Amino acid sequence: MISCLLETLALTCKRDMYLLFEHIELRLTDGDMLQISGPNGSGKTSLLRILAGLMQPTSGQVRLNGKPLNEQRNELSRNLVWIGHAAGIKDILTPEENLSWLSAMHYPASRAAILQALTDSGLKGFEDVPCHALSAGQRRRVALARLYLPGPALWILDEPFTAIDKQGVTQLEKYLAQHCEQGGLVVLTTHQALAFMPVGYRELDLGCRLA
C-alpha cells in the first residue's frame, strides 16, 4: 500500500455568501481515520468534495503528498477512492460489470479479484443481476465493493453506511478500521457513532467550529 499524506491549509468554504467553515488545518497520514460530523447544512459534504478535488474551496489549499490538489487532477483517480451519496453505478450493468468499469479508473482488477470483492461485500449470487433489479442496499454494496479491491490507500466516503443493514454496517466498520490499521487513510461522514475505531481515529465537528 502506497503511503499518503493529506493536508489542508486555512481551508475556508462559503456557499451563497453563507460561511460553512473556515481556517481548517488538517494533517492526515497512514493509519488515520477522520470522522467529519455536524448538523445538516454544516458543510460536511462540501468539505469531503473539496478533499476529493471535486470542488474548489473559497480560500485555502489541499495538498496530497505535498503537492496541491489542483495540480494533480489527472492523478487523483489513481490516488484516492471517492464514494459519495449517490451509488455512482450504472443501472443497466451487472455488479460484476460495474466493478470492472469502476476499478479500471484506479487499478484494473482481475475477474477473480472482482468476484471476491463482490462476495466480501455481501453480493455473492447477485454478480450477474442488472443493478436496476437490486435493492437500494444492494446497490450501495456494489459501490462499496470497490473498497475490497487492491487500490489507493486514501478513501473519502460520504455516508457510506446509508441503506446498509445492521450486519453490513458492522462488517464495513470493521473493514474501515482494518484498512487504517494496515496503513490506509479514511475520511468519512456519518451520523452514527462508530463502534470500531483505529488508533489514529479523530473527529472534526463542523457544528462546533462556528457555534
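Owing to the predicted nature of the structure, the values given are computational and were not obtained by experimental measurement.
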Notebook entry, point to check: Do Q192 and Q35 meet the criterion of a side-chain donor-acceptor pair at a distance under 3.5 Å?
Noted result: no
Next item on the list: Compare all side-chain heavy atoms of P152 with those of N79 and state whether any distance is below 4.5 angstrom.
Entry: no
Note to self: Applying side chain to side chain contact (heavy atoms under 4.5 Å, CB included) to H23 and L11, what does each step give before you reach the verdict?
What the structure shows: CA-CA 5 Å; H23 305 309; L11 208 61; over 6 Å; no
Check: Does F161 have any ring pair (Phe, Tyr, Trp, His ring centres under 6.0 Å) partners at least two apart in sequence or in another chain, and if so, which?
Finding: none
Note to self: Under a plain distance cut-off of 3.5 Å, with no hydrogens placed, do D158 and T189 share a side-chain donor-acceptor pair?
What the structure shows: yes
Next item on the list: Evaluate side chain to side chain contact (heavy atoms under 4.5 Å, CB included) for L206 paired with I36, printing each intermediate quantity in order.
Entry: CA-CA 7 Å; L206 294 182; I36 300 171; 3.9 Å; yes
Check: Do the non-hydrogen side-chain atoms of S100 and L93 ever get within less than 4.5 Å of each other?
Finding: no
Next item on the list: Indicate the atoms forming the closest heavy-atom contact of L69 with L51, along with that distance.
Entry: CD2-O, 3.3 Å
Next item on the list: Decide yes or no for M33 and L194: does some side-chain heavy atom of the first lie under 4.5 Å from some side-chain heavy atom of the second?
Entry: yes
Check: Counting N and O atoms only, with roles assigned by atom type, does the side chain of T29 sit under 3.5 Å from a partner on the main chain of L5, one being a donor and the other an acceptor?
Finding: no
Note to self: So, taking the atom named NZ in K44 and the one named CG in D205, what distance separates them when rounded to the nearest 0.5 Å?
What the structure shows: 9.0 Å
Check: Does the side chain of L147 come within less than 4.5 Å of W155's, by heavy atoms?
Finding: yes
Notebook entry, point to check: Linking I/L/V/M/F/W/Y whenever their side-chain heavy atoms sit closer than 4.5 Å, directly or via other members, would L115 and Y107 fall into one cluster?
Noted result: no
Check: If every non-hydrogen atom of W101 is compared with every non-hydrogen atom of G88, which pair is closest and at what distance?
Finding: CZ3-O, 3.7 Å
Check: Does R141 reach the side chain of I164, with side-chain heavy atoms less than 4.5 Å apart?
Finding: yes
Next item on the list: Can you establish whether the number of heavy atoms outside K174 located under 6.0 Å from its atom NZ is more than 12?
Entry: no
Next item on the list: Please confirm whether the backbone N or O of I92 pairs with a side-chain atom of E97, one donor and one acceptor, at under 3.5 Å?
Entry: no
Note to self: Check for me whether the distance between the ring centres of F196 and Y175 falls short of 6.0 Å.
What the structure shows: no
Check: Shortest non-hydrogen contact from L149 to A109?
Finding: CD2-CB, 3.9 Å
Next item on the list: Taking the side chain as every heavy atom from C-beta outward, state whether T58 and L20 have any atom pair closer than 4.5 Å.
Entry: no
Notebook entry, point to check: Is I156 linked to L47 within one hydrophobic cluster, defined over Ile, Leu, Val, Met, Phe, Trp and Tyr using a side-chain heavy-atom separation of less than 4.5 Å?
Noted result: yes
Checklist line | Under 3.5 Å donor-acceptor, T119 side chain and K124 backbone | finding: no
Item checked: Minimum heavy-atom distance between C4 and A153, given as atom pair plus value -> SG-CB, 4.3 Å
Notebook entry, point to check: Please walk me through it: do N65 and E7 pass side chain to side chain contact (heavy atoms under 4.5 Å, CB included)?
Noted result: CA-CA 8 Å; N65 297 325; E7 303 170 283; over 6 Å; no
Check: Do R140 and Q138 meet the criterion of a side-chain donor-acceptor pair at a distance under 3.5 Å?
Finding: no
Next item on the list: Could you tell me whether a side-chain N or O of R146 sits under 3.5 Å from a main-chain N or O of W82, the two making a donor and an acceptor?
Entry: yes
Margin query: Let me confirm one number: the OH-NE2 distance from Y148 to H179, rounded to the nearest 0.5 Å.
Written below: 12.0 Å
Margin query: Measuring only between side-chain heavy atoms, which start at C-beta, is L102 closer than 4.5 Å to I89?
Written below: yes
Note to self: Quick one: does any side-chain atom of N98 pair with a main-chain N or O of T94 as donor and acceptor, under 3.5 Å?
What the structure shows: yes
Next item on the list: Flag yes if L154 and L172 sit in one hydrophobic cluster, no otherwise; membership is Ile, Leu, Val, Met, Phe, Trp, Tyr, and two members link when side-chain heavy atoms are under 4.5 Å apart.
Entry: no
Margin query: Measuring from atom CD of Q182 to atom SG of C180, what distance do you get when rounded to the nearest 0.5 angstrom?
Written below: 10.0 Å
Check: Is any side-chain heavy atom of L34 less than 4.5 Å from a side-chain heavy atom of L26?
Finding: yes
Next item on the list: Say whether L144 and L134 are linked into one hydrophobic cluster, either directly or through other cluster members, by side-chain heavy-atom distances under 4.5 angstrom.
Entry: no
Note to self: Distance check, rounded to the nearest 0.5 Å: R139 atom CZ versus L123 atom CG?
What the structure shows: 12.0 Å
Notebook entry, point to check: Going from CD1 on I50 to OG1 on T8, what distance comes out if it is rounded to the nearest 0.5 angstrom?
Noted result: 10.0 Å
Next item on the list: Take M55 and S46 through the side chain to side chain contact (heavy atoms under 4.5 Å, CB included) test and state the conclusion after the steps.
Entry: CA-CA 7 Å; M55 175 178 166; S46 293; 3.9 Å; yes
Next item on the list: Check T12 against E22 and note the closest heavy-atom contact, atom names and distance.
Entry: OG1-CA, 3.4 Å
Next item on the list: To the nearest 0.5 Å, tell me how far Q56 CD sits from Q61 CD.
Entry: 10.0 Å
Margin query: As a quick check of understanding, evaluate salt bridge (Lys or Arg N to Asp or Glu O under 4.0 Å) for E96 and R111, giving each step before the final call.
Written below: CA-CA 8 Å; E96 181 182 345; R111 185 169 186 264; 2.7 Å; yes
Check: Linking I/L/V/M/F/W/Y whenever any side-chain heavy atoms sit under 4.5 Å apart, do V62 and L80 land together?
Finding: yes
Item checked: Donor-acceptor contact present, side-chain R63 to main-chain P68, <3.5 Å -> no
Checklist line | Where A87 and A143 come nearest, the two heavy atoms and their spacing | finding: O-CB, 3.2 Å
